[in-house]
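Letters A, B, ... mirror the listed sequences (proteins, then strands); counts begin at 1.
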2 protein chains.
Amino acid sequence: MWTRSERFRADTDGPSDSANGGLGLAVTMRDVAKHAGVSPKTVSNVLSGFPHIRETTRSRVLASVEELGYQLNLSARNFRAGRTGIIGLAVPELSLPYFAELADAVINAAEQHGLTVMIEQTGARRERELTVLSSERGQLVDGLLFSPLALGPADVDHLRTTTPLVLLGERIFRGPVDHVAIDNVAGTQAAVEHLIAAGRRRIAVLGVHPGEEAGTAAIRYGAYLEAMAAAGLKPAKKLAMPAGPWHRSTGADAMEQLLAGGKRFDAVIGLNDTLALGAIRVLTRHGLRIPDDVAVAGFDDIDEARYSTPTLTTVDPSRKEIARLAVKLLVERMAGDRTEWREITAPYALRVRESTTGTAANA
Amino acid sequence: MWTRSERFRADTDGPSDSANGGLGLAVTMRDVAKHAGVSPKTVSNVLSGFPHIRETTRSRVLASVEELGYQLNLSARNFRAGRTGIIGLAVPELSLPYFAELADAVINAAEQHGLTVMIEQTGARRERELTVLSSERGQLVDGLLFSPLALGPADVDHLRTTTPLVLLGERIFRGPVDHVAIDNVAGTQAAVEHLIAAGRRRIAVLGVHPGEEAGTAAIRYGAYLEAMAAAGLKPAKKLAMPAGPWHRSTGADAMEQLLAGGKRFDAVIGLNDTLALGAIRVLTRHGLRIPDDVAVAGFDDIDEARYSTPTLTTVDPSRKEIARLAVKLLVERMAGDRTEWREITAPYALRVRESTTGTAANA
DNA sequence: TTGTAAGCGTTATCAT
DNA sequence: ATGATAACGCTTACAA
């Protein structure tokens with residue numbers, strides 16, 4: 001891709017914008033062309049970074065641009081070119097640290113490709129997620145990164161969008177769509193195995209979504225069940241606590257209920273970090289020692305997990321790598337290079353911290 | 001190009017093309033108009049919600065839209081209308097919970113006005129903040145909400161943008177620009193007074209920015225100094241710890257240094273919550289009891305503050321209200337209704353929690 | 001390497 | 001309440 005030459009606006013000291021009386025956008029490419037003694041097309045070429053331009057011409061054009069205080073009309077370019085340079089990122093909500101940190105990473109990754117990101121919050125509501133896929137706004141983005149939470153396998157047909165699409169997160173859909181997946185199964189199992197290796201046997205789970213067959217909750221819970229079974233453990237149903245949205249508050253609520261239930265447990269795995277952190281809060285308030293009485297693990301490795309008390313053992317799904325790969329896939333898809341869809345699973349790493357070991361490690 | 005012939009075919013064949021083969025965006029307003037037996041302008045009027053349209057016409061048009069699978073070309077509309085329905089939100093980084101939660105609130109507030117939000121991360125870097133103000137991208141947004149961190153009073157001239165602008169956060173600039181301010185002074189003083197009322201005398205500060213004269217750090221630190229002076233206390237210079245970006249990590253580092261410095265202190269105020277939370281982590285690891293040995297307070301009231309161990313006493317600047325007011329101001333500014341600029345200070349509230357009282361309260 | 005011609009699909013203007 | 005016409009400012013195709 002060409003790199004667009006950076007252009008500067010004449011700031012306050014502007015005798016320069018004499019042409020348009022300082023009233024903003026009156027200067028067009030034609031004005032610049034006239035001023036520089038070239039054709040509009042040449043101005044366009046210069047500003048688009050078209051390589052085959054004589055250096056003298058280029059600098060003459062740029063000088064005129066500066067002198068007239070010209071600013072390219074992006075709407076016009078987008079319209080005519082049929083591209084906007086914007087990609088969409090649809091996430092449940094930015095208040096969830098995982099998605100905020102993911103959005104940060106995606107914005108930075110997109111910037112590397114000269115792309116701007118437009119964030120859409122779905123609130124994890126099915127209807128909103130469908131809207132995102134079919135929205136008119138698809139007209140305004142060249143591609144879409146989509147982290148679905150409410151959609152299930154039955155919705156696979158909705159993924160046949162006209163705009164290039166890359167899915168983030170779970171491997172819920174069979175395709176045919178590009179996908180950067182989190183290694184939920186291996187990651188969750190690693191966490192559970194770690195708890196078992198630490199001698200825990202009654203491991204509770206926070207954040208299950210009863211009735212949901214696909215989705216992060218189902219996948220991670222399934223992985224937990226498998227890991228338990230592999231160790232010859234049969235977890236009691238009562239240790240699987242539902243929690244709708246995965247906030248600190250719902251994690252806290254779930255833990256309160258678990259404690260109220262009276263069922264014994266010596267470890268808890270939150271299906272994400274915020275659930276686990278909410279649970280830690282409640283455990284601590286109830287005077288239970290972590291990890292002595294109850295070990296706690298999470299999933300996501302949000303920044304907070306390194307600074308909570310105790311610090312939180314969790315699974316790091318490598319957000320940066322996910323963002324990088326997702327943008328790369330989307331860019332390739334937008335370029336139309338590839339036809340077959342691809343699925344990439346990002347690496348994960350278990351971060352062992354105090355909430356399971358009692359001492360700082362592997363921070 | 002194929003788009004052209006596709007459209008041409010629709011033109012000549014008329015309604016027969018109703019299937020459209022799913023090949024994308026070839027259907028234009030003209031096609032719809034022809035199909036419905038009206039003029040393009042009427043279609044436009046219907047789709048733009050122009051009120052004076054006969055009900056039969058409207059429904060005929062909408063039927064044609066549906067039958068042809070027509071989708072409005074937003075790029076074309078934006079171009080022609082000179083508006084995009086997008087507002088920009090420039091923040092330092094979404095990884096900072098305060099800004100993530102603010103962005104969430106702004107997106108929701110904007111939605112109420114039918115506006116979409118495009119987020120720009122400045123990284124709190126001066127150069128990036130200036131770019132945001134003068135960027136070509138200003139062409140693509142109808143207005144900008146800007147939360148400056150690196151700019152100072154000297155940059156006031158840069159705020160004379162052509163795009164409507166509303167500032168968020170500190171009252172650094174004198175105008176002439178709309179502003180939704182946080183009540184930093186009163187909020188910080190309330191926190192300090194609370195610590196003093198709790199019997200603390202040696203109150204350290206985390207996150208000062210030496211050499212910076214304006215900006216959040218300077219304002220909040222100044223308020224701290226005033227509150228101390230008002231109580232007849234003279235804080236030692238050594239208790240004011242610098243921290244560049246206000247992350248948990250820098251808060252932790254600052255606290256390590258404070259402890260290493262050997263200066264006695266019985267309270268700490270973090271200039272934001274993440275600093276305070278990083279500090280709590282370090283204090284706890286050093287075996288200091290909070291609040292018995294050291295009381296801790298923050299600023300921002302991020303969600304995390306209600307679930308940390310201990311929960312964090314902090315100043316709630318009412319993000320939702322800030323977002324609501326800011327979008328409202330911007331919308332009015334975009335409408336061109338008002339000429340004089342306004343400055344609104346959002347209400348604040350001190351949230352007293354365990355980190356200063358030892359017991360849950362006022363959560 | 002640069003110029004010419006021809007719109008892209010929508011909305012504004014003004015008329016009816 | 002609706003229609004005819006003319007742009008909006010840029011890029012694509014092709015010519016030179």
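- Atom CZ of R83(A) and atom C1' of dT11(D) are 10 Å apart (whole Å).
- In this structure, F50(B) atom CZ and dT11(C) atom P are separated by 13 Å, rounded to whole Å.
- As rounded to whole Å, 14 Å separates atom C1' of dA7(D) from atom CG of N73(A).
- Here dT11(D) is the nucleotide among dG3(C), dT11(D), dG9(C) with the atom lying nearest to any side-chain atom of M29(A).
- For the OP1/OP2 pair of dT12(D) and a distance below 4.0 Å, the side-chain nitrogens and oxygens of R80(A) include no atom meeting the criterion.
- Rounded to an integer number of Å, the gap from K34(B) NZ to dT2(D) C1' is 17 Å.
- Using a 4.0 Å cut-off, no side-chain N or O of T28(B) falls inside it from OP1 or OP2 of dG9(C).
- Atoms CG (N45(A)) and P (dA13(D)) sit 13 Å apart, rounded to a whole Å.
- Rounded to the nearest 0.5 angstrom, I322(B) CD1 and I344(B) CD1 are separated by 11.0 Å.
- Minimum interatomic distance between D142(A) and R83(A) (heavy atoms only, all atoms of both residues): OD1-CA, 3.5 Å.
- For the pair S44(B) and dT11(C), the criterion of a side-chain N or O lying under 4.0 Å from OP1 or OP2 is met.
- Residue contacts shown for Y70(B) are limited to sugar-phosphate atoms, with no base heavy atom under 4.0 Å away.
- For R30(B) and dC8(C), the CZ to P distance is 7 Å, given to the nearest whole Å.
- Here R77(B) reaches the OP1 or OP2 of dT11(C): one of its side-chain N or O atoms lies under 4.0 Å away.
- Protein atom CG of L47(B) is 13 Å distant from nucleotide atom P of dA12(C), rounded to whole Å.
- As rounded to whole Å, 11 Å separates atom P of dC8(D) from atom CG of D31(A).
- Counting heavy-atom neighbours within 6.0 Å of R128(A) CZ, excluding the residue itself, gives a total above 12.
- Between dA1(D), dT11(C), dC10(D), one nucleotide has an atom nearer to the side chain of H52(B) than all others, and that is dA1(D).
- Taking the 5.5 Å centre cut-off and the 30° plane limit, the aromatic side chain of F79(B) is classed as stacked on dC8(D).
- Here dG3(D) is the nucleotide among dG3(D), dT10(C), dG3(C) with the atom lying nearest to any side-chain atom of K41(B).
- For the pair T57(A) and dT2(C), the criterion of a side-chain N or O lying under 4.0 Å from OP1 or OP2 is met.
- Looking at every heavy atom in both residues, S48(A) comes nearest to R77(A) through OG-NH2, 3.4 Å.
- Between dT4(C), dT11(D), dT12(D), one nucleotide has an atom nearer to the side chain of S48(A) than all others, and that is dT11(D).
- A donor-acceptor contact closer than 3.5 angstrom is absent between the side chains of S75(B) and N78(A).
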